[in-house]
Amino acid sequence: MSYVKKIHDLHIVRTCSQDFARVAAESFLGALKDCDTPSPLVTLPTGHTPLGMYEELRTHHANNKALWNRIRYLALDEYADLKPDDPRLFQNWLDRELLTPLSINQDRRTGFRSDAADPEAETRRIEIWLDQNGPIDIAVLGLGTNGHIGFNEPGAVFNHVANLIALSSETRQANAAYWSGLDHVPEKAYTLGLKPILDARKIFLLVSGAHKSAILDKVMNGPITQDIPASMLRTVPNVTVIADKDALEITHG
Ligand code: GLP
């Protein structure tokens with residue numbers, strides 16, 4: 001495609017399942033320590049994949065509070081049309097898992113307002129915020145079974161900064177596991193677009209489990225296409241894929 005200037009190799013870190021969380025946490029912490037920004041801006045995923053890493057980071061925080069006091073957090077994605085106290089909100093999920101345990105207080109958090117009356121103004125607000133406060137220093141991403149990153153679903157336009165999108169049925173099905181049933185999964189969501197994600201100084205893609213093996217193979221070895229948004233990660237030089245052996249079973253035969 002014309003916008004692909006150069007194709008880069010993804011740096012692959014292969015782990016066994018037991019080491020996945022520790023390796024992911026150590027990789028993130030290493031990038032954080034290497035970061036020369038006074039207040040590193042990070043974006044982090046929800047989902048099941050990073051939960052072990054977050055547990056490791058909570059343990060790390062107990063003895064390393066100074067490191068965490070510098071961090072600024074920007075939401076990667078968020079369900080739309082939920083009230084601020086709804087437990088399904090990704091910001092509330094991350095608040096429980098990481099942000100409050102790590103004392104990343106509200107004044108260092110930025111995210112989408114799920115119940116914004118004017119979604120266009122809301123995405124514009126995030127665009128302006130990023131323009132004034134970006135770029136992202138470290139982006140940690142999960143991988144959807146359809147190749148989405150954040151909520152950039154197949155067909156996502158590469159130069160968008162922030163979007164409100166309709167979730168695909170595949171993604172809603174996958175998200176049903178979080179909230180005991182499809183009826184509880186919102187139909188729309190906000191997401192950072194591919195542009196600020198690809199502009200991040202360092203990117204980690206976390207992938208675990210055999211159910212991600214087919215899509216990870218396409219991301220790594222298939223065509224670079226907006227139909228598989230994560231394949232766009234091969235257009236930037238600073239991406240590390242941390243994957244367990246189950247997730248790599250097709251790629252590595
Ligand atoms: C969700 C989220 C992503 C997440 C991905 C994978 O829909 N939008 O941020 O990374 O899908 O989730 P899981 O780790 O549960 O497989």
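We're numbering straight along the sequence, starting at 1. Read the numbers this way: they start at 1 and go in the same order the structure lists the ligands and their atoms.
- Taking every heavy atom of Thr46 and a limit of under 4.0 angstrom, the matching atoms of ligand 1 come to 4 (C), 10 (O).
- Under 4.0 Å from ligand 1, heavy atoms of Thr49 appear from its side chain as well as its backbone.
- Residues that satisfy the salt bridge (charged side-chain N to carboxylate O under 4.0 Å, His left out) test with Glu187, not counting sequence neighbours, are absent from this structure.
- No salt bridge links Arg113 with Glu78; every basic N to acidic carboxylate O contact stays at or beyond 4.0 Å.
- Ligand 1 has no nitrogen or oxygen under 3.5 angstrom from a nitrogen or oxygen of His211.
- Of all protein heavy atoms, the one lying nearest to atom 6 (C) of ligand 1 is Leu143 O, 3.6 Å.
- Close approach of ligand 1 to Gly47 is summarised as follows: ligand atoms under 4.0 Å from at least one heavy atom of the residue are 12 (O), 13 (P), 14 (O), 15 (O).
- No N or O atom of Phe90 sits closer than 3.5 Å to an N or O atom of ligand 1.
- Annotation: Asn175 places an N or O atom under 3.5 Å from an N or O atom of ligand 1; distance criterion only.
- Ring geometry for Phe112 versus Tyr190: interplanar angle under 30°, hence parallel rather than tilted (30 to 60°).
- When the heavy-atom distances from atom 2 (C) of ligand 1 to Thr43, Thr191, Asp77 are ranked, the shortest goes to Asp77.
- Side-chain atoms of Asn163 and Thr191 form no donor-acceptor pair, as typed in the model, at a separation below 3.5 Å.
- The aromatic ring centroids of Tyr178 and His48 lie less than 6.0 Å from each other.
- In terms of protein heavy-atom proximity, atom 1 (C) of ligand 1 is nearest to His148 NE2, 3.6 Å.
- Within 6.0 Å of the CD atom in Glu55, the count of heavy atoms belonging to other residues, nucleotides or ligands does not exceed 12.
- Taking every heavy atom of Lys212 and a limit of under 4.0 angstrom, the matching atoms of ligand 1 come to 13 (P), 16 (O).
- Taking every heavy atom of His48 and a limit of under 4.0 angstrom, the matching atoms of ligand 1 come to 13 (P), 14 (O), 15 (O).
- At a heavy-atom distance under 4.0 Å, no atom of Leu141 approaches ligand 1.
- Every atom of ligand 1 with a heavy atom of Tyr178 under 4.0 Å away is listed here by number and element: 1 (C), 11 (O), 12 (O), 13 (P), 15 (O).
- Among all protein heavy atoms, the one lying closest to atom 10 (O) of ligand 1 is Gly142 CA, 3.2 Å.
- Of the listed residues (Val236, Val161, Thr43, Leu76), just one forms a side chain to side chain contact (heavy atoms under 4.5 Å, CB included) with Ile197, and that residue is Leu76.
- The ring of Tyr79 has its center closer than 6.0 angstrom to the ring center of Phe90.
- Under the salt bridge (charged side-chain N to carboxylate O under 4.0 Å, His left out) criterion, Arg14 pairs with no residue at all, not counting sequence neighbours.
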